[in-house]
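Throughout, protein chains are lettered first and strands after them, A, B, ... in sequence-line order, and every chain is numbered starting at 1.
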Protein chains: 2
Amino acid sequence: MLRLSKKADYALLALRHLAVPGPRATASARELAESYDLPPELLAKVLQQLVRGGLLSSQQGIRGGYGLARPAAEITVVDVIEAIDGPMTVTACSESDHSCDQYTKCNIRDPLWKLKDRIVAALSATTVAELAIDLVPAPESIPVSLVRR
Amino acid sequence: MLRLSKKADYALLALRHLAVPGPRATASARELAESYDLPPELLAKVLQQLVRGGLLSSQQGIRGGYGLARPAAEITVVDVIEAIDGPMTVTACSESDHSCDQYTKCNIRDPLWKLKDRIVAALSATTVAELAIDLVPAPESIPVSLVRR
DNA sequence: CTGATGTCCGACCGAACCAGTCCAGTTTAC
DNA sequence: GTAAACTGGACTGGTTCGGTCGGACATCAG
């Protein structure tokens, strides 16, 4: 259905929270869960995945917590989605993975891959720094080069 | 994972098949299934959904089959996806549906909806007529009318 | 007109996946 | 040493998706 998973939602929520400039640049899993009414254990798992993906840095111990591993402006939405759900693929098969039964007879691969590229482009044009701004300033910069209609 | 469903894949495959100019502008569910090695009954169901969505017209009886309900250039990829999987929503909530537990505390709605709009724009900029254009000089352009597994 | 054939149609079922939970272990601060 | 926090694995329940079945309907032969 082309919808992003709840885990990805939670990840974006948490990253945005950590991206807003405030007194502290770090927060614990429990704090985050309470702030947004999310199931604490699930959010913890999501945060762990973000650490493994290199988007967050974690600090163990009693004063531990999570913080952004790099500036918010350098973390795109695609980075987040891929850290949570694995590589972005709109179709079952890709350039590197031909594991779809109809590979030889499929005739819509190329146009669909082009579509995927455009979606990825849109998603990587948005960073979590922009999510943290309440007013959206970004003038739409869609790659129009392929639009034919 | 932001991937489109197999049913949507099959739908695009079938629509493309019906869009290529050929001796016949119509085909039966069984013909289409055999051409692409798809489970016949599942494809049949997909085709029914496309009929209900107004993208295909069906003809019953012994010489029956499916045909495009309107010119291929007027059928966009979004039309197909929505006919199969329902309204396109990348988030659980939307302007019309606030049924997400974190609605009041959610702070990433607006940017995400903007992203959705851009994805929809990309998807509705591509029609099945464009899918029917072979970009590659046909490494295996099969004479579709004669294909028998 | 009537039966046979081939097609579309709608309800049904099993399996995979995802959200969510639980628990034992490790690290750090006080 | 204890408490608070992260880490990692295994387990479960529910929803959705892929796939299947029998019935309804239109055409054609005779």
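Between A/Ala25 and A/Leu18 the shortest heavy-atom distance is O-CD2, 4.1 Å. In terms of heavy-atom proximity, A/Ala11 sits nearest to A/Val80 at CB-CG1, 3.7 Å. Between B/Ala122 and A/Leu115, the shortest heavy-atom distance links the atoms O-CD2, 3.7 Å. Residues A/Val128 and A/Ala19 come closest through the heavy atom pair CG2-CB, 4.1 Å.
You'll find that the side chain of B/Val51 is closest to C/dC9, out of D/dT7, D/dG18, C/dC9. Proximity note for A/Ile62 (side chain, C-beta onward) versus D/dG18, D/dC28, C/dA29: the nearest is C/dA29. Across D/dG18, D/dA5, C/dT21, the shortest atom-to-atom separation from the side chain of B/Leu42 is found for D/dG18.
Rounded to whole Å, atom P of C/dT7 lies 8 Å from atom CD of B/Glu31. Summarising the geometry, the separation between CG on A/Leu4 and P on C/dC17 is reported as 19 Å, rounded to the nearest angstrom. Computed from coordinates, the B/Gln49 CD to D/dC17 P distance equals 10 Å when rounded to whole Å. The distance from atom CD of A/Glu41 to atom C1' of C/dA24 is 14 Å, rounded to the nearest whole Å. Rounded to whole Å, the distance from CD on B/Gln59 to P on C/dC9 is 10 Å. Remark: P of D/dA24 and CD of B/Gln48 are 15 Å apart, rounded to the nearest angstrom. If you take CG of A/Leu18 and P of D/dC6, they are 11 Å apart, rounded to a whole angstrom. As rounded to whole Å, 12 Å separates atom P of D/dT7 from atom CG of A/Leu43.
Phosphate proximity of C/dG6 to B/Ser28: absent, as no side-chain N or O sits under 4.0 Å from OP1 or OP2. Using a 4.0 Å cut-off, no side-chain N or O of A/Tyr10 falls inside it from OP1 or OP2 of C/dC18. Between A/Tyr66 and the phosphate of D/dT7, there is a side-chain N or O to OP1/OP2 separation shorter than 4.0 Å. The shortest distance between the side-chain N/O atoms of B/Arg30 and the OP1/OP2 oxygens of C/dT7 is below 4.0 Å. Taking 4.0 angstrom as the limit, A/Gln60 places none of its side-chain polar atoms (N or O) nearer than this to OP1 or OP2 of D/dA4.
In the interface, the side chain of A/Lys6 is not paired with the base of C/dG20 through any donor and acceptor atom under 3.5 Å apart.
Within the nucleic acid shown, A/Lys45 comes within 4.0 Å of at least one base atom, counting heavy atoms only. Residue contacts shown for A/Ala44 are absent, as no nucleic acid heavy atom lies under 4.0 Å away.
Each of A/Arg63 and B/Arg52 was assigned the nucleotide of DNA chain C with the nearest heavy atom; the assignment lying further toward the 5' end belongs to B/Arg52.
Salt bridge annotation for B/Glu41-B/Lys45: absent, with no cationic side-chain nitrogen under 4.0 angstrom from a carboxylate oxygen.
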